Amino acid sequence: MTSTLRHEGAPRSGEAASPGEIAARAQRRPGRWLALSVLVLAVLLVAVDATVLGLATPYISEDLEPSGTQLLWIGDVYSFVIAGLLVSMGSLGDRIGRKRILLGGATAFGLISVLNAYAATAGTMILARALLGVAGATLMPATLALIRNIFHDPRERSLAVGIWGATASAGTAVGPIVGGFLLEHFWWGSVFLMNVPVMVVLVLVGIRTLPESRNPNPGPWDLISVGLSLIGLVGVVYAVKEAAAHGFTWPGAATGVLGVAALTGFVRRQLTLPVPLLDMRLFRRRGFSGAVLADLLTVLGMSGLVFFLSQYLQLVQGRRPFEAGLAELPAAVGAVAAGLVAGTAARRFSVRAVVSGGLAAVGLALAALTLLDRTTGYSIIGAALLVVGVGAGLSFTVTADVILSSVPRDQAGAASAVSETAYELGAALGIALLGSIVTGVYRDFTAPSGTPAMAHESLGGAVEAARHLPAGTGEALLSSARETFVEGLRLATGAGAAVLLATAVAAWFLLRGQRLEGSS
């Protein structure tokens, strides 16, 4: 990204806007909010897809019978691919137009969701999730970059970012509730078909309301850099996943070395290209790099709870899918409310106080959930989820605003891509590391004789195996499997709490002196 990147009709960096341009912006103001509605639909599309997967996991396990490793791949391959392609797709959007890539990506996202819905094997589902990651990589950088270019007023932009983040949180509520209803009345593939009507509305409205935004002098799209970023990120994350699940292995180590080498080559190439895919000078800004690191570690710490909570509510506590979706609602409600006031709070107090306070709240709530057992009452779970939602809503909204505010509009695409890469990379690493804690503990549970191997692969596999065993044997199997699963969940939640509390301390120092634009 170079200084030539700008919103069409906006002055170049350092140029003053003419009175006519200022008046034109004022006239466009009502249309900005209508355009924002399209952008948040794209966010909703991705958020709903991420949450319904957790609810559908027990049914996917029963129907497709994936191994434990395949189940983790179904959960994290989307994040692997999207993290590896975000920077490249953000750069592509700068070249061909952010509106164009957003609408094209949304169309592909809807169509590939159909492939997810009708996957007949675990391998097909993994492939479908990977393809969905390719489509998803086109959406998120474009939405934030367009917000940065559409909303020039800092306070308006903070509100727009808050609405953007609140919609993502609302999606985490809508997904489980609607998904739970569908799972109770239809087959598991129906939860992925929810994406199709959202995609149709997004494309039809977006064609008419979104302004185009692109780099008028973008330079070539460097395919070597695209390949290096994809190989590097996927290689490193895969190596971490394999090490966490199976310990040191030569294939995993070789993949990790390849990933590190590719990322090193990517960084060196960006420093020499006249028009790089990613301007590495962005990381010299302490506020930018601190916010990116905070996002990555926060998502990493929360991933264990997010991925396994639905399984706990359904397979351990015996809740129906719709009831499990409602049970997760407090987190989304808290995040929506916090996201809408986060910018105001950061200006009244300070960026580091709001971000660090939010992260500390999430860490303490996760610490409280280390006391979970099979019969924990919902009042405790619901209260903890509400605190998690409020803390995350405050932190994510303010860090997104910091990232966008710390760079000029001509670098919004690069900043947005880095922000979303941190989020997706954190999710992939979190599922790999914390998910492997749960899986590793679970596999060692004591099972009665005659228990099939599938019961040790996943809790869903144990539930399915118990149905084909004598009543007494099946009950003993389920009791042991559930107890061990909860033990693994407690350990993963405790590790997540430690990560969040450490991140809160780091954010206090890294974001020192950082202020949002428009602060008095």
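No experiment lies behind these values; they were computed from the predicted model shown.
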Worksheet item: Just one of Val203, Val201, Leu202 clears the side chain to side chain contact (heavy atoms under 4.5 Å, CB included) bar with Met199, so which one?
Response: Val203
Fill in: Within-4.5 Å side-chain heavy-atom neighbours: Val390 and Leu394
yes
Item to complete: Mind listing the closest non-hydrogen atom pair of Leu500 and Met302 along with its distance?
Response: CD2-N, 4.1 Å
Discussion item. Please evaluate residues Ser289 and Leu510 with respect to the criterion side chain to side chain contact (heavy atoms under 4.5 Å, CB included), reporting the C-alpha separation (whole Å), side-chain torsions for both, the decisive distance (0.1 Å), and the verdict.
Written reply: CA-CA 8 Å; Ser289 57; Leu510 290 173; over 6 Å; no
Worksheet, complete the sentence: Heavy-atom closest pair (Met89 atom, Ala137 atom, distance to 0.1 Å) is CB-O, 3.4 Å
Worksheet, complete the sentence: Which of Leu230, Thr138, Val226 passes side chain to side chain contact (heavy atoms under 4.5 Å, CB included) with Ser88? It is Val226
Practice prompt. Could you walk me through whether Leu102 and Thr143 pass the side chain to side chain contact (heavy atoms under 4.5 Å, CB included) test, one step at a time?
Written response: CA-CA 8 Å; Leu102 176 68; Thr143 59; 3.9 Å; yes
Worksheet item: Would you call Val299 and Phe396 a side-chain contact if the rule is heavy atoms closer than 4.5 Å?
Response: yes
Worksheet item: With a 3.5 Å cut-off and no angle check, do the side chains of Asp373 and Thr376 form a donor-acceptor pair?
Response: yes
Fill in: Main-chain N/O of Gly391 paired with Ser395 side-chain donor or acceptor, under 3.5 Å
no
Name each donor-acceptor pair under 3.5 Å that joins a side chain in residues 487-499 to protein atoms two or more places apart or in another chain, with its distance.
unit_1 : atom_1 : unit_2 : atom_2 : d
Arg490 : NH1    : Leu372 : O      : 2.8
Thr493 : OG1    : Leu489 : O      : 2.7

Worksheet entry | Chi angles and distances behind the side chain to side chain contact (heavy atoms under 4.5 Å, CB included) call for Glu323, Tyr378 | CA-CA 11 Å; Glu323 184 184 359; Tyr378 180 70; over 6 Å; no
Worksheet item: If you look at every heavy atom in Ser229 and Gly84, which pair is closest and at what distance?
Response: OG-O, 3.5 Å
Practice prompt. Please report the C-alpha distance between Trp33 and Ile163 in whole Å, then the side-chain angles of each, then the deciding distance to 0.1 Å, and finally whether the side chain to side chain contact (heavy atoms under 4.5 Å, CB included) criterion is met.
Written response: CA-CA 10 Å; Trp33 298 105; Ile163 293 172; 4.2 Å; yes
Fill in: Greater than 12 external heavy atoms within 6.0 Å of Arg268's CZ
no
Item to complete: Mind running side-chain hydrogen bond (donor to acceptor under 3.5 Å, both in side chains) on Ser158 and Arg347 for me, showing each step along the way?
Response: CA-CA 10 Å; Ser158 289; Arg347 287 182 173 87; 2.8 Å; yes
Discussion item. Given 3.5 Å as the limit, does a donor-acceptor pair link the side chain of Arg512 with the main chain of Arg352, or not?
Written reply: no
Worksheet item: Ser356 side chain to Trp508 main-chain N or O, any donor-acceptor pair under 3.5 Å?
Response: yes
Practice prompt. With rounding to the nearest 0.5 Å, note down the distance linking CG in Leu39 to CG in Leu139.
Written response: 10.5 Å
Worksheet, complete the sentence: Note: Ala360 and Leu501 closest approach over all heavy atoms is O-CD2, 3.8 Å
Worksheet item: When rounded to the nearest 0.5 angstrom, what is the spacing between OH in Tyr312 and CZ in Arg374?
Response: 10.0 Å
Worksheet item: Is atom CZ of Phe509 surrounded by more than 12 heavy atoms (other residues, nucleotides or ligands) closer than 6.0 Å?
Response: no
Worksheet entry | Close side-chain approach of Val387 and Val362, heavy atoms under 4.5 Å | no
Discussion item. Can you confirm whether Met280 sits close enough to Val267 that some side-chain heavy atom of one is under 4.5 Å from a side-chain heavy atom of the other?
Written reply: yes
Worksheet item: Say you draw a straight line from CD of Glu328 to CG of Leu305; how long is it, rounded to the nearest 0.5 Å?
Response: 8.5 Å
Worksheet item: Side chains of Trp164 and Ile147: closer than 4.5 Å at any heavy-atom pair?
Response: yes
Item to complete: Report yes if the side chains of Pro276 and Arg269 come closer than 4.5 Å at any heavy-atom pair, otherwise no.
Response: no
Worksheet entry | Gln270 to Ser225 - nearest heavy-atom pair and separation | NE2-OG, 2.9 Å
Practice prompt. Give a yes or no on whether the backbone of Leu103 and the side-chain of Thr107 come within a donor-acceptor separation of less than 3.5 Å.
Written response: yes
Item to complete: Would you give the length of the straight line joining atom CG of Leu228 to atom OG1 of Thr264, rounded to the nearest 0.5 angstrom?
Response: 10.0 Å
Worksheet item: Just how far is it from atom CZ of Phe109 to atom CG of Leu132, taken to the nearest 0.5 Å?
Response: 4.0 Å
Item to complete: For the pair Thr370 (side chain) and Ala367 (backbone), establish whether a donor and an acceptor sit closer than 3.5 Å, ignoring hydrogens and angles.
Response: yes
Worksheet item: Any side-chain heavy-atom pair from Leu309 and Leu385 closer than 4.5 angstrom?
Response: yes
Worksheet item: Can you name the nearest heavy-atom pair linking Val236 to Gly259, along with the distance?
Response: CG2-C, 3.7 Å
Worksheet entry | Atom pair CG (Leu159) and CG (Leu340), whose distance is rounded to the nearest 0.5 Å | 7.5 Å
